[in-house]
Number of protein chains: 2
Amino acid sequence: MKEPLTTGTMQSVNLQATAFLAKALADENRLRIIQNLAQGKKSVSRIVEELGISQPLASHHLKELKRALLVTVERSGPFIYYELADPCIMTILTDLNNLAASLLADRTKF
Amino acid sequence: MKEPLTTGTMQSVNLQATAFLAKALADENRLRIIQNLAQGKKSVSRIVEELGISQPLASHHLKELKRALLVTVERSGPFIYYELADPCIMTILTDLNNLAASLLADRTKF
DNA sequence: CAAGTATATAAACATACATTTATACGATGT
DNA sequence: ACATCGTATAAATGTATGTTTATATACTTG
């Protein structure tokens with residue numbers, strides 16, 4: 001009788017999926033895109049304009065966000081529209097930002 | 001009269017700090033360490049034992065977590081104890097995990 | 001001061017990733 | 001069919017990052 005395969009804790013946290021999601025959020029340009037998409041569905045060219053990044057760079061990061069299931073894609077004529085897959089994404093972003101601010105505030109080093 | 005420096009949205013989100021924090025959370029071994037430290041303050045050797053990773057690797061990731069202000073360090077004799085800097089860290093981890101699960105569940109591709 | 005334990009650091013390496021430049025693809029209009 | 005616009009992809013490049021192996025540092029004990 002072998003041991004169960006789970007080596008972790010009770011409340012099973014999928015660390016692999018979590019790390020993957022965190023990695024998708026771990027780039028400032030991607031966060032800017034997410035924040036921009038929080039205003040609603042937008043085309044690539046609009047994102048490029050509003051964020052002032054190159055079109056291939058936007059395309060690359062949008063691809064990563066899509067890979068992480070953070071955005072959904074929809075074609076309409078010559079335009080391709082990206083949209084946040086879930087409103088909760090903004091909540092996480094705010095939470096992360098708040099934690100970051102809190103950690104910076106609490107640090108007692110100068 | 002020049003424009004204000006902020007190019008972002010109303011509720012100012014420090015994307016740089018947020019991306020930096022996300023990057024610190026974007027590694028499975030670091031998440032395992034955080035999850036392990038959720039049980040309380042622990043020495044490096046204990047973390048190494050319980051997670052089954054090499055000592056230098058643990059040391060490296062602990063250094064990263066410290067750099068991100070996610071853990072605090074304390075020496076006691078020959079041992080060095082690491083501790084989560086803030087309980088909220090576990091909340092974020094759970095939230096990230098929940099979002100990851102939700103995104104995976106909501107995807108309508110097979 | 002020598003030896004052992006706990007931890008950190010250095011070196012070396014492979015891999016991943018962000019960015020740019022150039023090009024291809026797809027849709028639309030003439 | 002051609003030109004043009006919107007977007008994606010490829011190639012190239014520099015840099016960052018995770019991991020291992022080897023070594024150094026710090027503390028403790030004899």
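Keep in mind it's a predicted model, so treat the numbers as computed, not measured. Reminder, nothing fancy here: chain letters follow the sequence lines and each chain counts from 1.
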Open item on the list: Regarding C:dA8, can its base be found pairing with the side chain of B:Gln55 as donor and acceptor, where the two atoms are less than 3.5 Å apart?
Closed with: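 Yes.
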For [X] and [N], what is the distance between atoms [atom1] and [atom2] respectively, to the nearest whole Å?
X: B:Glu28; N: C:dA16; atom1: CD; atom2: P; result: 15 Å
X: B:Tyr82; N: C:dT7; atom1: OH; atom2: C1'; result: 8 Å
X: B:Lys63; N: C:dA10; atom1: NZ; atom2: P; result: 7 Å
X: A:Leu51; N: C:dT19; atom1: CG; atom2: C1'; result: 16 Å
X: B:Asp27; N: D:dG18; atom1: CG; atom2: C1'; result: 7 Å
X: B:Glu49; N: C:dT5; atom1: CD; atom2: C1'; result: 13 Å
X: B:Lys23; N: D:dT17; atom1: NZ; atom2: C1'; result: 9 Å
X: B:Phe79; N: D:dT28; atom1: CZ; atom2: P; result: 10 Å

Any idea which of [options] is nearest the [X] side chain?
X: B:His61; options: D:dT19, C:dA6, D:dG6; result: D:dT19
X: A:Ser45; options: D:dT7, C:dA8, C:dT19; result: D:dT7
X: B:Pro56; options: D:dG6, D:dA22, C:dA6; result: D:dA22

- [ ] Please collect all salt bridge (charged side-chain N to carboxylate O under 4.0 Å, His left out) contacts where either partner lies in residues 72-82 of chain A, sequence neighbours excluded, each pair once.
- [x] A:Lys41-A:Glu74
TODO: For A:Arg30 and for A:Gly77, find the nucleotide of DNA chain C with the closest heavy atom, then tell me which residue's nucleotide is more 5'.
DONE: A:Arg30
- [ ] Step by step, work out the salt bridge (Lys or Arg N to Asp or Glu O under 4.0 Å) result for B:Arg46 and B:Glu50.
- [x] CA-CA 6 Å; B:Arg46 179 128 179 247; B:Glu50 295 184 357; 2.8 Å; yes
TODO: Looking at every strand, decide which applies to B:Ser59 at a 4.0 Å heavy-atom threshold: base, sugar-phosphate, or nothing.
DONE: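 B:Ser59: base contact, heavy atoms under 4.0 Å.
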Open item on the list: Please classify the nucleic acid contact of B:His60 as base, sugar-phosphate, or nothing, using heavy-atom distances under 4.0 Å.
Closed with: base
Open item on the list: To the closest 0.5 Å, what do you measure between CG (B:Leu37) and NZ (B:Lys42)?
Closed with: 7.0 Å
With a cut-off of 3.5 Å and sequence neighbours excluded, list every side-chain donor-acceptor pair involving residues 93-100 of chain A.
unit_1	atom_1	unit_2	atom_2	d
A:Thr94	OG1	A:Met90	O	2.9
A:Asn97	OD1	B:Asn14	N	3.0
A:Asn97	OD1	B:Thr18	OG1	3.3
A:Asn98	ND2	A:Thr94	O	3.4

Look at the side-chain N and O atoms of [X] and state whether any lies under 4.0 Å from the OP1 or OP2 oxygen of [N].
X: A:Ser43; N: D:dG6; value: no
X: B:Asn29; N: D:dG18; value: no
X: A:Arg46; N: D:dG6; value: no

Task: CD (B:Gln16) with more than 12 external heavy atoms under 6.0 Å - done: no
TODO: Report the residue (A:Arg75 or A:Leu57) whose heavy-atom-nearest nucleotide on DNA chain D is the more 5′ of the two.
DONE: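 Its nearest nucleotide being more 5', the pick is A:Arg75.
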